[in-house]
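Below is one structure, written out as structure tokens; the observations come after it.
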Amino acid sequence: MNIKAVLFDMDGLMVDTESLATEAFIHSAKKQGYDMTKEETLLVLGFTTKSIYEFWENYFKNSDVSGKQLVDDHYKYIENILFTTGPRKMPYIEELLKYLKESNYKVAVASSSNMDHIINNMEKTGLKKYIDEFASGAEVENGKPAPDIFLLAAERLGVKPENCLVLEDSKAGVIAGSSAGAKVIMVPDMFSPDEECKGRTYRIVGNLGEVISVLEEKNNENFNR
């Protein structure tokens, strides 16, 4: 197996921020008299901050709802929690990170979130000590589903993309990881994988603990294709 590094998405994969984001969007939309559905909140899953603003401003351009105000209020709601108590860790994340360290894999977080959110979430959850490098969507020209962020994370680790395993929970992230030339394992959170996700992933697993089993599989020729 020639995987030398593992690149993690953060929101909905390492920490439970996506359910918080859904809650924040619904709360913020209600302040403007709009009843947003859970399905609508998932339309920006995996987007960069800039792309989220652009999406909602366009989505509500012919209505009384201010897309900019919606996103401003959404971030205020989230930050009140993230920068005080911090997010909840996702199941098996620490066990997986410990395994990767002990097995000498390099590890990076490649998240669409801003760097201050990434560092805060990793520090608040005690996971920062396991991470070698960080890459933020704010640092690249094109956000997911473009491969830029995973290419940047691989470059910072000094590992070729084809020697990286990307862990993702969103469709945009799965497309970005596979477009970068990496192997992708999807760990769905709020988004159920469609046919494109199934076609672009090496494996779809139920939780992060199962990733350890995949990495430990012997004589796995598929990783070397």
Given M14 and K89, is the side chain to side chain contact (heavy atoms under 4.5 Å, CB included) satisfied, shown in steps? CA-CA 6 Å; M14 302 181 78; K89 289 184 286 189; over 6 Å; no
Donor on one side chain, acceptor on other, [X] and [Y], under 3.5 Å:
| X | Y | result |
| --- | --- | --- |
| E210 | Y92 | no |
| E40 | Y34 | yes |
| K61 | N58 | yes |
| D73 | Q69 | yes |
| D11 | S113 | yes |
| S28 | Y75 | no |

Is it possible for you to say whether [X] and [Y] belong to one hydrophobic cluster, with membership spreading through side-chain heavy-atom contacts below 4.5 Å?
| X | Y | answer |
| --- | --- | --- |
| L165 | L157 | no |
| V140 | L151 | no |
| I3 | Y130 | yes |

L215 and Y105: side chain to side chain contact (heavy atoms under 4.5 Å, CB included), yes or no, with the steps? CA-CA 11 Å; L215 289 170; Y105 288 98; 3.9 Å; yes
Rounded to the nearest 0.5 Å, what's the gap from [atom1] on [X] to [atom2] on [Y]? Could you check?
| X | Y | atom1 | atom2 | result |
| --- | --- | --- | --- | --- |
| K30 | M36 | NZ | CE | 11.5 Å |
| K128 | N121 | NZ | CG | 13.0 Å |
| K98 | I212 | NZ | CD1 | 10.5 Å |
| H27 | T22 | NE2 | OG1 | 14.0 Å |

Report yes if the distance between the aromatic ring centroids of Y77 and F25 is under 6.0 Å, otherwise no.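 Between F25 and Y77, which both carry aromatic rings, the centre distance is not below 6.0 Å.
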Using the rule given for side chain to side chain contact (heavy atoms under 4.5 Å, CB included), can you reason through F55 versus V71, listing the C-alpha separation, both sets of side-chain angles and the distance that settles it, and then say yes or no? CA-CA 10 Å; F55 179 88; V71 183; over 6 Å; no
Could you check whether any side-chain N or O of R88 sits under 3.5 Å from a backbone N or O of V15, counting only pairs where one atom can act as donor and the other as acceptor?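 The answer is no, because no donor-acceptor pair under 3.5 Å joins these two groups.
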Donor-acceptor under 3.5 Å (Q32 side chain, S66 main chain):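 Yes, the answer is positive, given that a donor and an acceptor are paired below the 3.5 Å cut-off.
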Tell me whether the count of non-hydrogen atoms from other residues, nucleotides or ligands lying under 6.0 Å of NZ in K4 goes above 12.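 No - once you tally the heavy atoms of other residues, nucleotides and ligands closer than 6.0 Å, there are 12 at most.
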Scan P161, P147, P145 and name whichever one has a side chain to side chain contact (heavy atoms under 4.5 Å, CB included) with S179.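 Among the candidates, only P147 passes.
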Does the side chain of Y53 reach to within under 4.5 Å of the side chain of D72, using non-hydrogen atoms?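 Answer yes - side chains close enough.
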Is any side-chain heavy atom of V205 closer than 4.5 Å to one of I185?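 In contact.
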